[in-house]
Amino acid sequence: MRVQTLGQFIIEKQNDFPYAKGELSRLLRDIGIAAKIVNREVNKAGLVEILGETGEVNVQGEQVKKLDIFANDQFIAALKVGGEVCAIASEENEDIIPIDNEVSKNAKYVIAMDPLDGSSNIDVNVSVGTIFSIYRRVSLSGPGTMEDFMQRGTEQVAAGYIIYGSSCMLVYTTGKGVNGFTLDPSIGEFCLSNPNIKTPETGLIYSLNEGNHLHFPDGVKKYVKYCQEEDVATNRPYSSRYIGSGVADIHRNLLKGGIYIYPTTTKSPKGKLRLLYECNPLAFIIEQAGGKATDGKGRIMEKNMKELHQRTPLFIGSTQMVEKAMEFMLKFEAVS
Ligand code: P6P
C-alpha cells in the first residue's frame, strides 16, 4: 500500500474545501509537528527528569505533572509561530491566550486543547493523549477573544486527538470523515494507517469508573447492571474496560465498538470532562465515525458554552449503546 504522510493527505483533502487557501492545512501540520515533539518526550519520560509533579495545582485543582507543562508549552509555541490561530484555550490555562504577533494578524481560527489528557497515568507508562478542537473566529480582527470560544460544538471546523501509546497516533476530522495516522519513527512522519474510520453500531465494551457507583444517577446504575446481565441474544455480559485516560478508552471503543460514560457524581456534580476541549472534539470525531455523543439527555455538540472550563456528563461511543444508556437515563430520571 502506498505510504501517504499526514502532509500529503492534508494537501490532497484540501481540495474538498473549494475556498481553502491552506490555512487549516498548515494548522493541522503545526499540530502534527508539536505532537512529534511531545511524543519524543513522553517516550523518554521514564529516563529523564521529566517525571513527577511540579508541586503546582492547575485551574482544575489537579496536580500538575511536568509533562503537562511541557506538552502545553510545545503546542502553544508551535501554534504561535504557525500563525494560523488568533487565540488558544488550554486546560492548563485559566484564561484564553490571545495571540497578537505579526504572523498571526490574519489568523482565521482559534484552537482549544487538552494538551495531555490522562497525565496521571504517565508515571506508570499508560497511554495518554492530546485533544484539540478548532473553530473559525467570530471576533472581527486582532487577537482572539472569549466569544471565539463560546461557540457550540456544531461550529467546529476540525477536531482530533493524538494518543501517545504503544504507537503514536493522530486521529482527526474536518467534517468529512475520520482518518487515523500512525507515526513512523524511522521517517518521523505520521502515515495514513486507518482511513475513513467508522465505529461499529454496537459493541461489547463499557468504560466507566465503577468506583463511583454509589454516586451514579439511577439510570447509569441500571445501565451498568444491564451490561452485566447474561443474555446470549445481545452478547451480554459486556466487558468492562477502563484505562483512566479518556483518549485511550475512547480510541479503543472507536475502533472496536463500545461506550464510555463519565456521568455526574457527587464529586463531579456537573460531570468531570470539559465541554470545550474534551467532549466537543471527541463528539465531533465519534459522530463523523457514525457514533453518538450526549450528556445523557441531549447531543453534546448542541450544548451552549457558558464558561471556558465548563464540565458536562459524557456518554460517547457506539450509537446503539449510547441510545440504550439514554433509555435508562430517561426511564430512571430522578424526579427533580
Ligand atoms: P477518574 C483524565 O483526567 C480524565 O479527564 C479522562 O481522560 C479520564 O477518562 C477520566 O478523567 C478519569 O477520571 O475520576 O475516573 O480518575
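Atoms within a ligand are numbered from 1 in the order they appear, just like the ligands themselves. Keep in mind the model is a prediction, meaning the values are calculated, not measured.
The D117 neighbourhood of ligand 1 comprises atoms 2 (C), 4 (C), 5 (O), 6 (C), 7 (O), with distances under 4.0 Å to a heavy atom of that residue. Residue contact check: N209 has heavy atoms under 4.0 Å from atoms 1 (P), 14 (O), 15 (O) of ligand 1. Atoms of ligand 1 found under 4.0 Å from any heavy atom of S245, numbered from 1 in the order shown, are 7 (O), 9 (O). Short contacts between ligand 1 and G246, defined as distances under 4.0 Å to a heavy atom of the residue, involve ligand atoms 6 (C), 7 (O), 8 (C), 9 (O). Heavy-atom contacts of G244 reach the following atoms of ligand 1: 2 (C), 8 (C), 12 (C) (cutoff under 4.0 Å).
Between E327 and K324 a salt bridge is recorded (basic side-chain N to carboxylate O distance below 4.0 Å). Looking at D295 and K303, a side-chain N of the basic residue comes within less than 4.0 Å of a carboxylate O on the acidic one, giving a salt bridge.
Considering backbone and side-chain atoms together, L273 places no N or O closer than 3.5 Å to any N or O of ligand 1. In terms of polar-atom proximity, defined here as any N/O pair under 3.5 Å, D249 makes no such contact with ligand 1. Checking only distances, Y242 does come within under 3.5 Å of ligand 1, N or O to N or O. For ligand 1, the polar-atom distance check against Y260 finds a nitrogen or oxygen pair separated by under 3.5 Å.
A cation-pi geometry, defined here as NZ or CZ lying under 6.0 Å from the six-membered ring centre and within 45° of its normal, does not hold between K292 and F315. Y109 does not carry R137 over the face of its six-membered ring by the limits of under 6.0 Å from the centre and within 45° of the normal. A cation-pi arrangement is absent between K222 and F328, since the terminal nitrogen or guanidinium carbon is not both under 6.0 Å from the aromatic centre and inside a 45° cone about the axis.
Taking 4.0 Å as the cut-off, E278 counts as a neighbour of ligand 1 on heavy-atom distance.
With hydrogens and angles left out, the side-chain atoms of E12 and Q4 include a donor and acceptor closer than 3.5 Å.
Between F9 and F181, the distance separating the two ring centers is shorter than 6.0 angstrom.
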